[in-house]
Each structure stands twice: as structure tokens, then as C-alpha cells.
Amino acid sequence: MKITLNRINDDFLFECTNGQGNSILLDNTSQPGAKGVSPMESVLMAVAGCSGIDVVSILKKQRQEIKSFQAEVEGERVQVDDAKPFKSIKVKFLLEGEIDPKKALKAAELSFEKYCSVSKTLEPNVEIGYEVFVNGEKI
């Protein structure tokens with residue numbers, strides 16, 4: 001796996017491109033007019049995307065009918081010398097459809113405990129928690 005980062009303006013806007021030519025924009029969001037996401041926001045996005053792929057994949061294999069899938073991710077940061085790494089990350093899954101709540105909860109559990117490479121990478125240093133809501137009900 002390899003990505004390429006290219007600076008695309010005179011400030012802090014970068015385009016990150018993978019081997020298939022897909023890209024995202026990263027920027028210094030503390031500056032006015034930022035046109036990309038911050039690198040730390042991209043970490044939260046990666047957690048959401050990785051676990052989201054797992055949960056949807058597991059539920060599809062179980063023939064659950066997902067009409068809507070959303071994830072909200074919040075990260076709490078802590079000052080460590082001059083850096084501010086994440087101390088904890090909380091993921092909230094919001095699913096709608098013909099979904100067995102127990103299966104949805106188990107899918108999230110499997111993602112974070114077994115499959116999600118992003119959360120497993122962060123896990124030694126970051127506490128990761130999750131909540132699952134199916135059709136508005138917390139499971």
C-alpha cells in the first residue's frame with residue numbers, strides 16, 4: 001500500500017492519492033478558507049470508514065436490509081509535549097431498516113475487536129468505544 005502526497009498551493013493544501021488514482025484533500029483547518037480536512041479529521045474518517053465497511057459487510061452476509069447507515073465519530077485529544085494525539089475515540093452507528101438489533105451490535109463488536117485495521121492500529125494508545133442505534137433505538 002502506498003499513497004502520494006502533493007502540495008497543490010502555496011500554503012498547506014495537499015492532495016493525497018492512492019495507487020488507483022483516488023484522492024482526498026488535506027489542509028491546515030486552523031487557517032481561514034481551508035479546502036480540505038485536517039490530518040486528524042482524516043484519522044476519524046478512517047475509523048468511520050473502516051468500521052463502516054465491516055459492519056455493512058457483516059450485516060449484508062446475514063441478509064439484513066440496511067436502508068440507511070451513518071456513523072458519527074468524535075475524538076478527544078490530549079496534549080503530549082508539542083503534539084495533541086487522540087486519547088479516545090467514540091463511534092456512534094445509526095442504522096435504519098429491517099435489521100436485527102442483536103446482529104447490528106455483534107457486527108460492531110466484531111469490527112472493533114477483530115476486523116477494523118484502523119482501530120487496531122490506534123488501539124494500543126487510544127481508547128475506542130462505540131454505540132449502535134437501530135431505527136432510533138439504542139442497542
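- In E131, the CD atom is crowded: over 12 heavy atoms of neighbouring residues, nucleotides or ligands sit closer than 6.0 Å.
- To the nearest 0.5 Å, atom NZ of residue K90 and atom CD of residue E76 are 11.5 Å apart.
- Formation of a donor-acceptor pair under 3.5 Å by the T121 side chain with backbone atoms of S117 is found in this model.
- Separation of atoms OG (S68) and CG (N135) is listed at 9.5 Å; rounding is to 0.5 Å.
- Taken to the nearest 0.5 Å, the CD atom of E72 stands 8.5 Å off from the CZ atom of F133.
- Checked against the 6.0 Å centroid threshold, F93 and Y130 do not count as a close aromatic pair.
- If you take NZ on K138 and CG on L105, they are separated by 10.5 Å, rounding to the nearest 0.5 Å.
- Between the side chain of D54 and the main chain of C116, a donor-acceptor pair closer than 3.5 Å is present.
- Crowding of E127 atom CD: a count of heavy atoms from other residues, nucleotides or ligands under 6.0 Å not exceeding 12.
- F69 contributes atom CZ, which lies 8.5 Å from atom CG of L94 (distance to the nearest 0.5 angstrom).
- With E41 contributing its side chain and S38 its backbone, the two residues share a donor-acceptor pair below 3.5 Å.
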If you look only at distance, which donor and acceptor atoms sit under 3.5 Å apart when one is on a side chain in residues 78-87 and the other is two or more places apart or in another chain?
from, atom 1, to, atom 2, distance (Å)
Q79, NE2, D81, O, 3.0
Q79, NE2, A83, O, 3.3

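- Q64 places a side-chain N or O within 3.5 Å of a backbone atom of D100 that can act as its donor or acceptor partner.
- A 6.0 Å sphere centred on NZ of K102 holds no more than 12 heavy atoms belonging to other residues, nucleotides or ligands.
- Using a distance-only test at 3.5 Å, with no hydrogens or angles considered, a donor-acceptor pair links the side chain of D27 to the main chain of K35.
- No donor-acceptor pair under 3.5 Å is formed between the side chain of Q20 and the backbone N or O of N18.
- To the nearest 0.5 Å, the span separating CZ on R77 from CD1 on I89 amounts to 10.5 Å.
- Summarising the local packing, CD of Q31 is surrounded by more than 12 heavy atoms from other residues, nucleotides or ligands at distances under 6.0 Å.
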